[in-house]
Every structure is written in C-alpha cells, then in structure tokens.
Amino acid sequence: MTDLTLDDARRRDAADPLAPLRDRFVLPDGIYLDGNSLGALPRDTASALAEVVQRQWGEDLIASWNRHDWIGQPQRLGARIAPLVGAKPHEVIVADTTSTNLFKLIGAACAARPGRATILSEPGNFPTDLYVAEGAARMFGDRRLKTVAADDLVAAIDGDVALVLLTHVHYKSGRKLDMAAITAAAHEKGALILWDLSHSTGAVAVDLNGCDADLAVGCGYKYLNGGPGAPAFLFVAERLQEKLRSPLSGWMGHDAPFAFDDAYAPAPGIARFLCGTPSVLGMAALEQGLATVDGVDPAALFAKASALGAYYIRLMDARCGDAGFTLASPRVDAARGAHVSHAHDQAYPICQALIARGVVGDFRAPDMLRMGFAPLYTRFADVWYAVEVICDVIATRAWDDPAFLTKARVT
Ligand SMILES: Cc1ncc(COP(=O)(O)O)c(C=O)c1O
C-alpha cells in the first residue's frame, strides 16, 4: 500500500490542476469535509457584501434596483448556473429555497398532466422532497405520492404517473442515478421528470438538456458556496416554459410587475417561476459563490471529487477495515456523487469526536458518517489526515465520551 502514504497524497495534490482554486476561499484550520452541507466562504464574499450593504443599499438605496441591476439578479445568476447543469442561460433562474421551488414545479407539473394521479419518488429521498410532494399531491387534485426503491423505479412508471421526482445524487448514500435512462423511461410513459440537483451542482457534471430533462431544482449553499440559506435555483426546459404555470403566482413572475394590474398574466419564459422580491443580499453572496466555479469545467470538478472519494474509500478500507464501518456509498466512481458515507453503530459520537479534533464531516441519522469532497478546495492530503484522525479516534476510543452523545439541533 505504498501509494497510500502522506507523500503520495501530496504528490496527488501537486499534480491536481484544480489545486490553485483553493485560494479562492477562506478556510479555517482543520479539515473541512462538509462542503456538501455548507460550502466554504469565498475570499471575495465579505467585501462584495460590504459594497452591496454600504454603498448600494446605504447610499444608492432604491435606485439600486436599476443602477446595480438588483432586479436582474435572478436571471443573471441563473445564467451563470446554466453551464454547470447542461442548460441554456434562459432555462435557469435563481429564487426562493429548494423546497419552495419544488412546490412550484410539482404544482406546475401536476396541472400539466391532468388525469394522472401519481407523483413517483423513492423512499428515503431527501425529506423536503417527500414532504413537499405529499403536500402538493393533496393540494393539486386528488393525487398521491408513491415511493418505489430506485432499482425498481423504472418498472413502476406507468400511465398514471404525472411526475417522477428524484434526487440525482442521494443525500445520504451519495448514489448517483442514471439521469438519461430514467428520464427516457418517464417520457416513454408520458410522465414529466423533476431532478433535485442539490448534491450535484458544482461538484458533479450534469447534462439536463443532453438527458432531455424537464424540470430541476438545486441548492445555492452547498457546492455553489452561496452561504447559509443562499437562494436556490430552478430549471424548466425551454420547450415547456410556455406550457407550465407556477402555483405561486406572485408579482415578480408577472408579465409586467410594474404595471400593477389586478389580473395575473405570467411572464414569458423562465421569469414566470419567480414569486416575490429577490433576496438581494443572499443573491449578492451567491454571486461570489458562483464566481468560485467560473471557468471551471464541470467534468474536471467531478473527476476530482470522484478521485478524492475513491481515495477516501481506499484509505478507509486499508486503515479502518476492521473498525465496524460499512461502506454505504457506491464503490464505482461513475455511480457515486461527491460524498461518501459509512454506516457505523457509533457514527454520531465518532462524528462529534472528529469535529472536536478539527475534522468536520457530518452525521446523518440513523447511523451514517458522511464526508463531502468539495473539489474546489479539498486536498488529497486533507483526506489522508482525516482518515488518520478517524483511525486514532477509533484506536483510542475517543468517541466513547458522554460529551459526544448529546445531539445538537443541527447534526
Ligand atoms: C436533496 C436536497 N434537497 C433539498 C435540500 C434543502 O432544501 P432547502 O434549501 O429548501 O432547505 C437539501 C438539503 O440538504 C437536499 O439535500
């Protein structure tokens, strides 16, 4: 196992074409492997926000909507996300939260498929996807949410399915679904498909149009580094935009918001999926987050994330193989996103003991230790050290401390 030495990790870093991008971030001491929950702080975000707050808001006040194009943020930022997901610039818009965008697109899809009663998803999909789908199913006609294991999903798509709702990279296992094949299967039965790209965008190459996808949503605060609670994005394929309507018919999605008409008339194109006033400060932070991915080929991001994940799996196999960890993510790179999870019956206190030693991953109930490999700033040496600390926490039973058993509100 000579290639699993620290020297080797450093050689890998030296050969990594994305290594210089780490300078685009402010990173604390320690090893941060949680960029799939909250991306790191870009170096330019604080000064950009100070400019928006002090000059644009403080001095230019209301004029900033036009002068600094605050009003154009949703489209402008959407167009920057588009190349990361294989979309055209006018097919993506930034707005609201992922949950709210799910609601808008599920509602729009249900209305576009009258007479079909089923929204199909997989059990264990991210909770907000399931909760919003369940609520929307009740609200938009007498529909129901049905869940079928990912492996059986294609066979379960029938003529009653209005919408297939899936997360491209599973938040817990990191399993990456075959977007092209599942999308084709949905279309074959006349169903629409909505992909949640929260754990993909910015780390895993996605080709929405190449797969002929209909709809998508995704987070701004994970691999897009937009900051806590950053605005989310949504995608509607050009061919569907004029056919769909958002159930949240707010004024920003109106054809002429400043005509102040009583009657709602949806804007042409993607703008109809806006609802209310953009959150300007959140958008300004997201804009800096998007700058960190500027000019970076999504395929290169995925290649690095995959290599880091594969390296972690090999190190864990070699160093912690007898420590009670069970790999819960696909071993094959092409079937995995940018994070890796292991099941362990002491995953929670182990995770806390790691955090106490500066190795930040996260715990996902009931028993997963999850490590994210954000390709813009994670080094192979970080992975090597993280596994070194995991080994030590296991060998010394450092996790076996009552202080590590109290669960915080956010895990
Ligand atoms: C797959 C997926 N969808 C959605 C969300 C979050 O949605 P929201 O930003 O509305 O809280 C997450 C957060 O981790 C997620 O993993």
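First listed ligand is number 1; within each ligand, the first listed atom is number 1. Counting begins at 1 with the first residue of the sequence. As a basis for the values below, the full set of heavy atoms in this structure was taken, side chains included, without hydrogen atoms, waters or symmetry mates.
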Nearest-contact summary for atom 7 (O) of ligand 1 - protein heavy atom, Å: Thr98 CB, 3.5 Å
Under a 4.0 angstrom heavy-atom cut-off, which atoms of ligand 1 come close to Thr97? 10 (O)
Give the residue, atom name and distance (to 0.1 Å) of the protein heavy atom nearest atom 5 (C) of ligand 1. Phe126 CE2, 3.4 Å
Pick one of side chain, backbone, both or neither for how Asp196 approaches ligand 1, counting any non-hydrogen atom pair under 4.0 Å. side chain
Ranked by distance from atom 13 (C) of ligand 1, the top protein heavy atom is Lys222 NZ, 3.1 Å
Could you tell me whether some N/O pair between Thr100 and ligand 1 is separated by less than 3.5 angstrom? no
Locate the shortest heavy-atom distance separating Ala108 from Arg245; write the atom from each residue and the value. CB-O, 3.2 Å
Out of all atoms in ligand 1, which are within 4.0 Å of some heavy atom of His199? Include the element for each. 16 (O)
Nitrogen or oxygen atoms of Thr167 and ligand 1 under 3.5 Å apart: no
Counting from 1, what ligand 1 atoms have a heavy atom of Tyr221 closer than 4.0 Å? 6 (C), 7 (O), 8 (P), 9 (O), 11 (O), 13 (C)
If you count every heavy atom of other residues, nucleotides or ligands that lies below 6.0 Å from Tyr264 atom OH, does the total exceed 12? yes
Heavy atoms from other residues, nucleotides or ligands near CG of Asp142 exceed 12 (cutoff 6.0 Å): no
NZ or CZ of Lys304 within 45° of Phe373 ring axis and under 6.0 Å: no
Please could you name the atoms of ligand 1 that Asp129 approaches to less than 4.0 Å, counting only its heavy atoms? 3 (N)
Does the N or O separation between Tyr171 and ligand 1 drop below 3.5 Å for any pair? no
May I ask you to check whether Phe126 and Tyr131 place their ring centres under 6.0 Å from each other? no
Are His339 and His199, when compared by the centres of their aromatic rings, separated by less than 6.0 Å? yes
Run the numbers for me: atoms of ligand 1, each under 4.0 Å from some heavy atom of Ser198, listed by number. 1 (C), 2 (C), 3 (N), 4 (C), 15 (C)
Asp69 side-chain N/O to Gly72 backbone N/O, donor-acceptor pair under 3.5 Å: yes
Are Trp195 and Phe235 close enough that their ring centres sit under 6.0 Å apart? no
Residue, atom and distance of the protein heavy atom nearest atom 10 (O) of ligand 1 read Ser99 OG, 2.6 Å
Nearest heavy-atom neighbours spanning Asp160 and Gly115: OD1-O, 4.1 Å
